[in-house]
Amino acid sequence: MAARKIIIDCDPGQDDAVALFLAMSSPDELDILGLTTVAGNVPLALTERNARMMCDIVGRTDMPVFSGCDKPLRCEPITAEYIHGETGIDGVDAFEPETPLREQHAVDFIIDTLLAAGESAVTLVPTGPMTNIAAALQKAPEVLPHIDQIVLMGGAMREGGNRTPSAEFNILVDPHAADTVFRCGRPIVAMGLDVTHKVLSTRERVKSIAALGNPVAEATAGMLSFFDRYDTEKYGSEGAPLHDPCTIAYLLMPELFKLKHCNVAVETESALTMGHTAVDFWHVTDRPHNAHWAWDIDAAGFYELLTDRLARYQASNTQGNRGIR
Ligand code: RIB
Ligand code: CA
């Protein structure tokens, strides 16, 4: 079966970085057309640099990486250095990557790539605020039929918010963008906190990853060891939720997840509940079923997949020429 063409739109962020490692470990299944970056966890200048760093660590300095929107469509920017550290990927030492930043704006790359592809040819995988995706849909709505599906990390139902009592970070940062995406009419799979809070990077799991003995696994273990401190303190859980890799895991092994087709609507008016995702799980309204909401996950199976795929990276890699076996 031909590899699925995808564009990952991200705001690295340690968990975005692990999602990139997982995606790049699986070229037979995922044909990554490009990485587009957006302001989110940290400002755009860092998210784009961090995405390029991850390509260096994996040895994919050929990966097309683009810089996108540096602020939400309408709201003032919000960042999350208190979770991700000042670099956005604390846990690995930052360096100036060899992977180049492409000239073209990320939004134009998304538009041009979709238009050049066939009907339902490309899957979009946003793992940060959805500003780039929404901007592309608003600028060129003719791209819609070229989108196969949108597999996103964002939102919360039973879990409540992680940045406000009502809202998950990615949706809160740009609720208007999220609203545009959820209303776009293309198939959506939504990985909210209800599943991502079930995949905790416990010490045992991080130890197994560290024991793989290759630079990509080492970087993953380093980042997860930093990334877990905030959530461990906040939730009293052992380990941080690995939010963004859930999107890639779904593309590689959908059977790990339980989904419900229902309506997801985004609050874009109320100051109190801005960015809330109203998930009509029990179909109590007649709103259109616009998303497949992920409500359960096989956490052990998720970490087995992640560990197996990270093990593919060569132990002997040195920076700039890593690759999978
Ligand atoms: O709420 C978690 C999400 O916000 C993740 O995508 C994390 O990287 C941050 O972007
Ligand atoms: Ca993210």
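Read the numbers this way: they start at 1 and go in the same order the structure lists the ligands and their atoms. Along the sequence shown, the residues carry numbers beginning at 1.
With hydrogens and angles left out, the side-chain atoms of R4 and T123 include a donor and acceptor closer than 3.5 Å.
At a 3.5 angstrom cut-off on N or O pairs, H243 does not count as close to ligand 1. Where the criterion is an N or O separation shorter than 3.5 Å, residue side chain and backbone included, T127 meets it with respect to ligand 1.
At a heavy-atom distance under 4.0 Å, only side-chain atoms of N162, from C-beta outward, approach ligand 1.
The Ca ion (ligand 2) sits nearest to atom OD1 when only the N, O or S atoms of D11 are considered. Restricting D244 to its N, O or S atoms, the one at the least distance from the Ca ion (ligand 2) is OD2.
Using a cutoff of 4.0 Å between basic side-chain nitrogens and carboxylate oxygens, D174 and R74 are not scored as salt-bridged. Between D280 and R287, no side-chain nitrogen of the basic residue sits less than 4.0 Å from a carboxylate oxygen of the acidic one, so the salt-bridge criterion is not met. Between K198 and E159 there is no salt bridge, since no side-chain N of the basic residue sits under 4.0 Å from a carboxylate O of the acidic one.
Using bins of under 30°, 30° to 60° and over 60° for the plane-to-plane angle, the ring pair F281/W295 lands in the perpendicular bin. Between F109 and F66, the ring planes are parallel. Angles under 30° get that label, and only those over 60° would be called perpendicular.
The ligand atoms of ligand 1 that sit less than 4.0 angstrom from a heavy atom of N41 are 7 (C), 8 (O), 9 (C), 10 (O). Atoms of ligand 1 found under 4.0 Å from any heavy atom of M153, numbered from 1 in the order shown, are 2 (C), 3 (C), 5 (C), 6 (O). Those atoms of ligand 1 with a heavy atom of E168 less than 4.0 angstrom away are 1 (O), 2 (C), 3 (C), 4 (O). Listed by number with element, the atoms of ligand 1 under 4.0 Å from a non-hydrogen atom of N170 are 3 (C), 4 (O), 5 (C), 6 (O), 9 (C), 10 (O).
Seen from the ring of F95, R49 does not count as a face-on cation partner, given the 6.0 Å and 45° thresholds.
The nearest N, O or S atom of T127 is closer to the Ca ion (ligand 2) than 3.0 Å.
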